[in-house]
Amino acid sequence: MPVKLLMGNEALGLGAIHAGVNFVSGYPGTPSTEVLETVAKHNDGSIHVEWSTNEKAALEAAAGAAYAGARALVTMKQVGLNVASDPLMTLSYIGVEGGLVIVVADDPGPISSQTEQDTRNFAQFAKVPLFDPASPGEAYAMIQDAFELSERHHTPVIVRPTTRVSHACGTVKTRGGVADCGASFANPTLDDDDASWERHVPSGFTKDTQRWVVFPRTSYLNHGKVERRAAAIADELSFGYRPNRIEMSGMGHAEVTRAFEERGDKRFELGIACGGISYHYVMEALEMCGLELPVLKIGTPYPFPAKLATEFLEAVDEVLCVEELDPVIERELNFLCGFEFLANTIHGKLDGYFGYAGEQNVEDICDVLADVADLGDRGTVLMSHWDSRDIRTVPAVTPKPELPPRPPVLCAGCPHRASFYAVKRAVGKRKAVFCGDIGCYTLGNAAPLDMVDTCLCMGGGITVAQGIETVDPDTLAFGFVGDSTFFASGITGVVNAVYNQHDMIVCMLDNSTTAMTGQQPHPGTGRTMMGTEVEPLSIPRILEALDVDCQIVDPLDFERAVQAVRDAMDKTGVRAIIFKSPCIYLEPPAHPAVKLDLDACIDCRACIKQLGCPALVVEDGHVAVDESLCYGCELCCKICPTDALREGGSDE
Amino acid sequence: MSERSGLNCVICGVGGQGNVLASRLIAQVLLARDEHVKTAETIGMAQRGGSVASHVRGGHPQSPLVPKGCADCLIAFEPGEAVRCIDYLAPGGTIVVNTQAAQPPVAALQGIDYDGSEALAYLRALPGVQLVEVDGASICEQAGSSKVLNIALLAAAVKSGALGITREELEDAIRERVHPRFHEMNLRAIMLMSE
């Protein structure tokens with residue numbers, strides 16, 4: 001089937017397969033996770049696909065594969081690149097033999113992340129080329145171009161989708177080229193159905209210490225090469241690479257070229273510069289506002305296609321830059337104005353037309369266009385259709401009712417709720433600090449549990465706790481960490497605590513999976529990404545090897561869980577409690593829904609006020625159990641003061 | 001359908017209600033007609049019982065997100081979420097809403113008595129809007145599964161004419177994108193809604 005409805009991440013995964021990828025590694029993280037999963041799903045067995053322990057391990061392993069001539073892909077979310085930045089910075093100098101592409105998904109909003117960092121800055125910093133797809137179709141083409149560029153210039157290359165590309169679906173032509181996005185460097189005949197796509201055979205590793213061993217002298221020489229490489233790529237990408245282009249809304253490529261050629265000394269009053277998903281927002285906003293303006297679309301923000309951009313600046317007076325996250329294109333254009341002595345006025349984030357935080361959308365861009373088009377004494381009314389930012393929504397005759405907020409919560413039956421509650425009960429009124437971490441269990445911060453005092457980064461809970469307990473020695477310090485996070489970056493924190501004689505309790509929330517991103521396996525699960533059964537790494541044995549006193553308890557066995565915490569509190573040094581109970585998505589409890597005995601219930605709502613379980617609701621002014629949500633974990637039965645909440649299977 | 005060519009539809013609800021499949025099925029219908037389709041869905045942290053919305057666009061859309069005031073049809077899995085997303089609806093558009101409220105845990109905790117009735121009253125008072133109320137619980141009970149709520153709402157939207165797609169097209173999309181094991185109960189939900 002030539003045309004498919006593909007999610008951006010699926011398009012990236014398929015594009016990598018069609019580029020002949022041999023080795024794929026990554027660490028799960030929204031919104032990047034489905035890229036690697038797509039490769040795994042369509043893997044005919046010839047591709048090595050792995051979830052690595054963290055992003056650093058993933059990039060280093062992929063670098064090795066690429067040293068040996070393989071085409072290698074690494075996937076991660078934007079904050080994952082912080083973890084992988086150490087190998088990335090040096091890899092830019094060392095280079096690769098086979099193509100190495102790093103998909104780093106950015107998350108404007110942020111919808112599911114701790115920062116709104118912009119990976120385009122990372123590309124500039126590391127001097128690594130970056131492709132910024134605007135749609136699933138362009139993503140499919142770009143990842144293939146990225147492999148080709150990487151191999152030709154011996155450099156790692158980043159492909160950076162954002163959430164609305166990664167998690168948007170679009171129609172993508174996967175045979176013989178690409179819909180939506182024009183030509184690319186290399187367009188082998190592609191067909192994922194009959195496996196006739198390009199296969200890449202790795203050359204194998206060739207020893208060459210001058211090349212593969214980093215030393216100050218080689219870095220000095222490589223630094224010069226890296227700068228020359230960037231300049232050469234910038235020139236190459238300035239002309240003839242379709243994702244970088246100047247267009248007019250409503251005009252074909254030839255018409256635009258003619259319009260530019262025929263304009264003579266005439267300049268356009270206003271032009272737009274944009275990239276990524278914002279390009280499509282701009283094109284729609286122009287259509288909605290009835291505006292025809294020249295648009296500079298930037299598909300490779302680094303190395304910046306400066307010659308193309310200069311051509312654009314020479315044809316327009318003012319430029320409005322439309323981009324999510326940081327004003328990367330805007331700064332480049334401002335720089336070019338200074339460098340080339342151009343007199344353009346550049347609008348965007350730096351002069352306050354757009355805010356820095358959050359996602360953009362078509363409506364906001366229409367508003368800003370109205371503002372900018374009104375600027376100055378132009379004589380012509382650019383805004384013919386957009387009626388003073390009047391979005392025509394349905395007029396209401398009654399005021400909008402107040403809606404209850406609906407933030408994400410721990411699922412009904414989630415064992416994390418029981419673990420947090422056991423710690424809360426055991427600690428009582430004692431002075432304590434609860435240092436949380438990244439995962440579903442970050443949601444333990446919400447009322448009524450209120451059991452996350454800090455959350456910084458992957459693995460940071462264990463170590464932040466150590467700093468706090470050192471400064472506040474009368475505080476009982478808890479560090480919470482999930483099983484996947486422990487393997488990713490928690491172990492070093494435990495080693496630090498033991499070595500430096502800290503006094504803290506590690507609470508291991510072991511639900512036997514990577515839950516938040518959708519049940520990926522990890523070293524403790526006994527299964528690899530491609531389904532091979534392996535010996536699971538034992539968390540208690542790792543902790544014991546580190547001389548950590550360790551208890552294992554089922555958090556749903558409430559009394560024993562509370563007692564385990566009390567026992568740990570009575571000790572000093574580094575001690576751990578492993579709360580072991582599988583994620584309900586992995587293994588739903590086999591118990592029927594909890595029953596409420598209305599005669600026994602005094603409607604004190606202790607269950608609701610203490611647990612905040614989505615299955616405990618108020619119906620007709622009285623506590624009730626939503627049986628469609630209840631998994632029968634029976635935690636609420638254990639805290640009901642009148643025993644009105646009972647096991648579903650029990651007879652009255 | 002709005003003056004823009006192609007369908008614009010927003011599907012809103014609570015994470016875990018089957019929102020993504022609903023948007024993929026509409027997309028599948030449009031794809032089968034050789035239309036260019038774009039969708040945008042909520043995936044990730046916000047899924048855990050939070051508010052979610054999917055956007056589906058046919059014709060030759062640029063943005064995967066429906067701009068405010070442009071949705072021909074708003075399909076809501078619960079009344080409050082319909083109100084939350086009402087600005088997307090185009091004047092004269094259609095709202096298909098499941099009348100059962102999904103109570104957020106926060107409401108019970110804060111003592112807010114939320115049963116969706118105020119939200120429904122608000123929707124009923126909107127002028128010039130076609131409002132289709134669906135008793136989702138009853139359809140699910142008759143179809144024998146709470147999982148068919150998404151299909152029931154889609155079928156109601158199809159019946160209203162707001163999507164510009166036919167029952168047969170929806171059924172074909174289900175056969176194409178849903179595991180055969182679930183065909184029968186989903187087709188039964190469509191039958192129940194179409195009566």
Side-chain angles (χ1 to χ4, degrees), chain A residues 3-5 30-31 34 111-112 135 164 167-171 179-180 277 280-281 283-284 287-288 361-363 366 391-411 440 443 446-448 516-517 605 608-609 612-614 616-619 621 623 626 628, chain B residues 14-16 23-24 27-28 31 34-51 61-65 67-69 80-81 83-84 86-93 102-115 118-119 121-122 125-129 146:
Chain A
V3 178
K4 288 173 182 297
L5 183 73
T30 311
E34 299 84 3
I111 298 171
S112 213
S135 66
R164 299 302 179 184
H167 284 170
C169 292
T171 33
D180 286 344
I277 187 66
H280 285 291
Y281 296 158
M283 297 314 280
E284 182 146 351
E287 199 182 305
M288 280 173 78
N361 60 53
V362 173
E363 305 90 292
C366 285
I391 298 167
R392 290 185 303 136
T393 52
V394 178
V397 289
T398 54
K400 247 185 217 178
E402 203 180 319
L403 298 171
R406 205 185 283 280
V409 288
L410 291 172
C411 302
C440 286
L443 298 172
M516 181 57 97
T517 45
R605 306 200 181 177
I608 289 175
K609 286 179 199 155
C613 173
L616 293 167
V617 295
V618 177
E619 251 175 42
V623 175
D626 183 339
S628 70
Chain B
V14 178
S23 84
R24 296 287 171 86
Q28 176 63 37
L31 188 71
D34 283 337
E35 272 191 52
H36 278 251
V37 190
K38 283 188 178 174
T39 77
E41 288 134 5
T42 316
I43 296 168
M45 183 165 184
Q47 274 182 296
R48 300 266 179 269
S51 299
Q62 290 280 353
S63 160
L65 295 168
K68 293 208 170 101
E81 294 308 312
V83 176
R84 216 187 292 277
I86 199 67
D87 285 350
Y88 287 105
L89 191 68
Q103 208 178 87
V106 179
L109 201 62
Q110 296 175 348
I112 303 169
D113 206 4
Y114 172 74
D115 62 3
E118 280 180 52
Y122 172 84
L126 289 173
V129 163
S146 62

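- Using a 4.5 Å cut-off between heavy atoms, B:Glu35 touches chain A through its backbone atoms (N, CA, C, O) alone.
- Here the closest non-hydrogen pair linking B:Ala119 and A:Pro401 is CA-CG, 3.9 Å.
- B:Leu109 touches chain A through backbone and side chain together, each having a heavy atom under 4.5 Å away.
- For the set B:Arg24, B:Arg84, B:Gln110, the entry with the most heavy-atom pairs within less than 4.5 Å of chain A is B:Arg84.
- Contacts of B:Tyr88 classified as ring-ring contact (aromatic ring centres under 6.0 Å, His included), with partners at least two apart in sequence or in another chain: B:His55.
- For chain B, no part of A:Ser628 is nearby; none of its heavy atoms comes within less than 4.5 Å.
- Between chain A and the options B:Ala40, B:Gly92, B:Ala102, heavy-atom pairs under 4.5 Å are most frequent for B:Ala102.
- Proximity to chain A involves both the backbone and the side chain of B:Val83, based on heavy atoms less than 4.5 angstrom apart.
- Counting heavy-atom pairs closer than 4.5 Å to chain A, the top-ranked of the candidates B:Asp113, B:Ile86, B:Asp115, B:Leu65 is B:Leu65.
- With sequence neighbours excluded, no residue forms a side chain to side chain donor-acceptor pair (under 3.5 Å) with B:Ser146.
- Of the atoms belonging to B:Tyr122, heavy atoms from both backbone and side chain fall under 4.5 Å from chain A.
- Under the 4.5 Å side-chain criterion, counting only non-hydrogen atoms from C-beta, A:Tyr281 is not in contact with A:Cys366.
- Heavy-atom distances place both the backbone and the side chain of B:Val37 under 4.5 Å from chain A.
- Per-residue counts of heavy-atom pairs under 4.5 Å with chain A were compared for B:Ala27, B:Gly128, B:Ala121, B:Pro105; the largest is that of B:Pro105.
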